[in-house]
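Below you'll find the structure, written out as structure tokens, and then a few comments.
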Amino acid sequence: MFSTVFQATGFKRALNLCKEGKLDAAEVLLKSLQDEFLAVCEENEILKNQLSEVADVLDLAEKVQFDGQKYWLVDEGERKGPFCQVCYDRDGLLIHLHEHEKHWECQSCRGLYMIPRDKNPKPEKKTFLRTTLKKTIPLFLEQEMS
Ligand SMILES: [Zn+2]
């Protein structure tokens with residue numbers, strides 16, 4: 001769109017000035033066209049960067065998961081985190097939570113998140129059930145055989 005405006009206004013006028021022999025005026029015009037062009041290049045670069053930042057944010061949003069309390073970053077099957085929910089929702093920033101004995105703490109907003117305690121006993125219960133089951137069956141068979 002710009003190039004059309006550019007050619008229609010600036011270049012055509014510069015060409016006409018050259019044809020009319022007004023070389024000084026043509027030079028001034030070309031100089032201003034060059035400045036305009038450089039400014040547009042700069043603006044284009046800024047817009048490109050903004051677009052890439054937006055793409056990164058969208059890409060990140062797809063990888064961020066909420067567990068009902070905190071955020072986790074899932075990238076190529078790997079789960080990183082947890083991250084502060086308040087900071088991400090407010091500033092779009094993933095702030096690593098610092099782990100304490102019974103809670104996580106956000107170093108940025110000082111928010112606290114309880115570490116769920118029921119996560120650890122669960123696998124223990126499973127192994128407990130499995131070992132009792134393994135023991136019960138041979139005992140039962142022995143009793144039946146004798
Ligand atoms: Zn925070």
Side-chain angles (χ1 to χ4, degrees), residues 1-18 25-146:
M1 197 184 89
F2 175 76
S3 61
T4 326
V5 180
F6 199 63
Q7 284 164 357
T9 58
F11 281 129
K12 189 76 192 297
R13 268 195 291 142
L15 187 66
N16 287 340
L17 287 170
C18 287
E27 197 181 333
V28 170
L29 183 59
L30 283 171
K31 177 75 176 67
S32 77
L33 283 174
Q34 181 179 270
D35 291 344
E36 211 178 306
F37 177 73
L38 290 174
V40 168
C41 285
E42 205 176 306
E43 193 190 358
N44 188 41
E45 200 58 38
I46 292 165
L47 289 172
K48 270 193 206 166
N49 289 338
Q50 281 177 351
L51 195 64
S52 127
E53 273 174 36
V54 170
D56 284 350
V57 169
L58 289 175
D59 191 40
L60 187 67
E62 270 179 26
K63 290 172 183 170
V64 170
Q65 288 184 354
F66 188 56
D67 71 357
Q69 192 191 30
K70 314 163 296 295
Y71 284 109
W72 296 85
L73 190 63
V74 181
D75 194 11
E76 287 165 13
E78 207 185 328
R79 197 164 90 140
K80 292 167 196 163
F83 300 95
C84 180
Q85 174 259 319
V86 175
C87 287
Y88 184 70
D89 287 352
R90 192 186 52 197
D91 310 318
L93 293 173
L94 286 173
I95 308 291
H96 253 294
L97 294 174
H98 191 266
E99 192 172 352
H100 295 273
E101 203 186 327
K102 286 179 181 168
H103 64 274
W104 282 292
E105 185 186 6
C106 174
Q107 306 283 69
S108 178
C109 72
R110 297 285 154 192
L112 299 177
Y113 298 87
M114 292 307 291
I115 296 178
R117 277 296 147 208
D118 59 320
K119 265 193 175 175
N120 292 333
K122 267 183 192 167
E124 279 172 35
K125 270 183 197 164
K126 267 185 191 171
T127 47
F128 174 74
L129 272 171
R130 223 177 280 150
T131 47
T132 44
L133 207 66
K134 269 180 192 166
K135 275 177 194 167
T136 323
I137 292 169
L139 272 172
F140 184 70
L141 286 172
E142 265 175 28
Q143 275 177 338
E144 262 215 329
M145 272 156 74
S146 57

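Atom-to-atom distance recorded for Asp91:CG and Cys109:SG is 9.0 Å, nearest 0.5 angstrom. Going from atom CG of Leu29 over to atom CG of Leu15 covers 11.0 Å, rounded to the nearest 0.5 Å. Once rounded to the nearest 0.5 Å, the distance linking SG of Cys84 with CD1 of Ile95 reads 7.5 Å. For the atom pair CD (Gln69) and CG (Leu97), the distance works out to 8.5 Å, reported to the nearest 0.5 Å.
Phe83 pairs in a side chain to side chain contact (heavy atoms under 4.5 Å, CB included) with only one of the listed residues (Leu93, Leu73, Val64), which is Leu73.
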Problem - Working for side-chain contact (heavy atoms from CB on, under 4.5 Å), residues Leu51 and Leu47 - result: CA-CA 6 Å; Leu51 195 64; Leu47 289 172; over 6 Å; no
Exercise for the section: Quick one: do Glu42 and Leu38 satisfy side-chain contact (heavy atoms from CB on, under 4.5 Å)? Show the steps, please. Expected result: CA-CA 6 Å; Glu42 205 176 306; Leu38 290 174; over 6 Å; no
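In terms of heavy atoms, Ile115 sits closest to His100 at CD1-O, 3.4 Å. Contact between Lys80 and Asp75 at its shortest, heavy atoms only, is NZ-OD2, 4.2 Å. Closest approach of Arg110 to Glu105, counting heavy atoms only: NH1-OE2, 3.0 Å. The minimum heavy-atom distance between Ala14 and Leu30, with the atom names listed, is CB-CD2, 4.0 Å.
Crowding of Glu27 atom CD: a count of heavy atoms from other residues, nucleotides or ligands under 6.0 Å not exceeding 12.
For Asp67 (side chain) and Lys70 (main-chain N/O), a donor-acceptor pair under 3.5 Å exists by modelled atom type.
For the residue pair Asp89/Gln85, the side-chain donor-acceptor check at 3.5 Å is satisfied.
Ring orientation note: the planes of Trp72 and Trp104 are nearly perpendicular, at an angle over 60° on the 30°/60° scale.
Remark: aromatic rings of His96 and His98 are distant, center separation not under 6.0 Å. Residues Tyr113 and His103 place their aromatic rings such that the two centres sit no closer than 6.0 Å.
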